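All remarks here apply to the structure that follows.
Side chains are part of it too, since the values below use all heavy atoms of this structure and drop only hydrogens, waters and symmetry mates. Nothing here was measured: the structure is a model prediction, and the numbers come from that model.
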Amino acid sequence: MTLQRGLKAMEYLHATLFFAMLMPLICAAVEWSDSAGTGALYLKCLLIMVPIIVTERAAKRVRSVILYMGISVLLLAGVGGVSGLIALLTGGGGRFGGYEICYCIVMLLETFFVIVKRFADRVRAAKWEREEPLAAKRISFLEHPTLSLVWYFVVFYLIGLCLRAKLLCDIAFYSAIVYTFLALFYEYFGVTRAYLEMNRRTRGIPRRRLYGVGLSMLLVFSALLLIGMMPAVFLAGHRPYTDIWEWFANVHFVPYEYESAPEFQEPSAGGADWTELLNDGEPAPEPSKVVNVIMGAIGAVCLLAFAYGVILMIRQVLRDFRNSRDENGDIVEEIEDDPIARQREMIFGKKGRRGAKSEAERIRQKYRRTIRKHRKERPAPHESPAEIEEYAGLGNDEQMQQLHREYEKARYGKTEENLRISDE
């Protein structure tokens, strides 16, 4: 029960972190800032956790659509009142301005989206269960933290760099760190629980011991990951900001200079950079060469990793498209070779020169094509080559038996004596 509640709390935090990024994005685009600071703004955005929890409970326990709509209306009214009160108490001079009005509108829109999303997920889940009763449960993005969603915060961070918005960069940066560890722990506890439920043989192993060993390894990995993140935390003050609005403007700003006397001229505040104003008129410190080299190296590694991932994804898509259908348009599955034998063949150079197929490769290709012509469904993982041929209707074919011997020899490196023993 405690584990279930912990996982549910992680799901709530996962959805909250996602929706809490929208208001800082608007502030960065319009150049707004909270008078109480970045932390106060982010705490205001965390109010969306209340609608996330309420709608999740209502979508699971309420049976009547009218009752769900009534709860949704009350929730919208409550969020509107609370957000308005928060904006009024924390706003400058106790009055509503553009920032306060925008905050209330954003909170109401986020609440409305969560209400609609929960309703749609419940309807879709019921339809899926009716059509596919034996299939796995459909999971909404609001209920499953995963490491693949860290890109969401990376996009906001890049937008903050382009808008010269330190507020958005700080929130996205630290949200990405928190979300990374949140996804790691959620994945570990969720997978471990599913493993214990599926494998009855592990009931003899104490759950505390299993969780203790796995959690200790996870904590060690998390500590190493946190240590690796520390350079980025310490170098957060040296971000290479740029202004996206200057990319499309050719007119340069000419600062106005006030001339009070010929012998005295005050510095122009309008032409000063914001970093100079924060440093009492002193120019901002330039990052050292070591910092520039480190940031450049990190950027180059991230760019290469992204390019490598895109290349692998494109290769997999092309491979799936090529191997998904045969000449007749039927859907087929590719019979994979033994990876150990393939690796052994690559190590000992049995494939010969680049671009030329070895005899073993030609035999395996001929075997796969023959099976595909006579059997369209995917062979089960436990089926042996003899069973695959039998289900394909080629068990008594003399040519197939000869090809079977050649395939066994090419795949496992069997000799004639071992083939005779295995056939017997």
List the atom pairs, with distances to 0.1 Å, where a side-chain N or O of residues 77-87 and a protein N or O form a donor-acceptor pair under 3.5 Å, not counting sequence neighbours.
unit_1, atom_1, unit_2, atom_2, d
Ser83, OG, Val79, O, 2.7
Ser83, OG, Gly80, O, 3.1

Could you tabulate the donor-acceptor pairs under 3.5 Å formed by side-chain atoms of residues 211-230, not counting sequence neighbours?
unit_1, atom_1, unit_2, atom_2, d
Ser216, OG, Gly212, O, 3.2
Ser216, OG, Val213, O, 2.6
Ser222, OG, Leu218, O, 2.8

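Without hydrogens or angle criteria, Tyr103 side chain to Lys44 main chain gives a donor-acceptor distance under 3.5 Å. When atom types are taken as modelled, the side chain of Arg239 and the backbone of Arg164 share no donor-acceptor pair closer than 3.5 angstrom. Judged purely by atom type and a 3.5 angstrom limit, Tyr152 uses its side chain to pair as donor or acceptor with the backbone of Phe18. Judged by distance alone, the side chain of Tyr42 and the main-chain N or O of Ala20 form no donor-acceptor pair under 3.5 Å.
Here the SG-OH distance, from Cys162 to Tyr157, works out to 11.0 Å after rounding to the nearest 0.5 Å. Atoms CD1 and CG, on Ile298 and Leu303 in that order, are 13.5 Å from each other to the nearest 0.5 Å. Rounded to the nearest 0.5 Å, atoms CZ (Phe141) and NZ (Lys117) are 5.5 Å apart. In this structure, CG in Leu161 is found 12.0 Å from NZ in Lys166, a value given to the nearest 0.5 Å. How far CG of Leu3 is from CZ of Arg193: 6.0 Å, rounded to the nearest 0.5 Å. Atom CG of residue Leu43 and atom CG of residue Asp34 lie 10.0 Å apart, to the nearest 0.5 angstrom.
Around atom NZ of Lys366, no more than 12 heavy atoms belonging to other residues, nucleotides or ligands sit under 6.0 Å away. With a 6.0 Å radius and a threshold of 12 heavy atoms from other residues, nucleotides or ligands, Phe185 has its CZ atom above the threshold. Within 6.0 Å of CD in Glu390 there are 12 or fewer heavy atoms belonging to other residues, nucleotides or ligands. Counting heavy-atom neighbours within 6.0 Å of Phe306 CZ, excluding the residue itself, gives a total of 12 or less.
Of all heavy-atom pairs between Gly160 and Tyr241, the closest is O-CD2, 4.2 Å. Of all the heavy atoms in Pro51 and Thr111, the pair that sits closest is CG-OG1, 3.5 Å. Nearest approach of Trp32 to Ile26, heavy atoms of both residues: CZ3-CG2, 4.4 Å. Residues Leu7 and Phe189 come closest through the heavy atom pair CD2-CB, 3.7 Å.
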Output, in order, the C-alpha distance, side-chain angles, deciding distance and verdict of side chain to side chain contact (heavy atoms under 4.5 Å, CB included) for Ile115 and Tyr68.
-> CA-CA 9 Å; Ile115 292 172; Tyr68 181 82; 3.9 Å; yes
Side chain to side chain contact (heavy atoms under 4.5 Å, CB included) between Ile314 and Ile311, intermediate numbers included | CA-CA 5 Å; Ile314 294 176; Ile311 293 174; 5.9 Å; no
Could you walk me through whether Arg118 and Asp121 pass the salt bridge (Lys or Arg N to Asp or Glu O under 4.0 Å) test, one step at a time?
-> CA-CA 5 Å; Arg118 295 290 192 190; Asp121 289 341; 5.5 Å; no
Take Met400 and Tyr367 through the side chain to side chain contact (heavy atoms under 4.5 Å, CB included) test and state the conclusion after the steps.
-> CA-CA 9 Å; Met400 190 65 216; Tyr367 183 86; 3.2 Å; yes
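For the pair Met21/Ile171, a side-chain contact is recorded, criterion being any heavy-atom separation below 4.5 Å from C-beta on. Residues Pro231 and Ile294 are not in side-chain contact: their nearest non-hydrogen atoms beyond the backbone lie 4.5 Å or more apart. A 4.5 Å side-chain heavy-atom check between Ile48 and Leu22 finds every atom pair outside the cut-off. Counting heavy atoms from C-beta outward, Phe112 and Val116 have side chains that approach closer than 4.5 Å. Side-chain contact between Leu142 and Ile52: absent, with no pair of heavy atoms (C-beta onward) separated by less than 4.5 Å. For the pair Val106 and Glu110, the minimum side-chain heavy-atom distance is below 4.5 Å. Residues Tyr99 and Met23 meet the side-chain proximity criterion, which asks for heavy atoms closer than 4.5 Å. Contact of the Thr55 side chain with the Ser72 side chain is not registered, since no non-hydrogen atoms from C-beta on lie closer than 4.5 Å.
Annotation: side chain to side chain donor-acceptor pair (under 3.5 Å) contacts involving residues 177-190, sequence neighbours excluded, comprise Glu11-Tyr186, His14-Tyr179.
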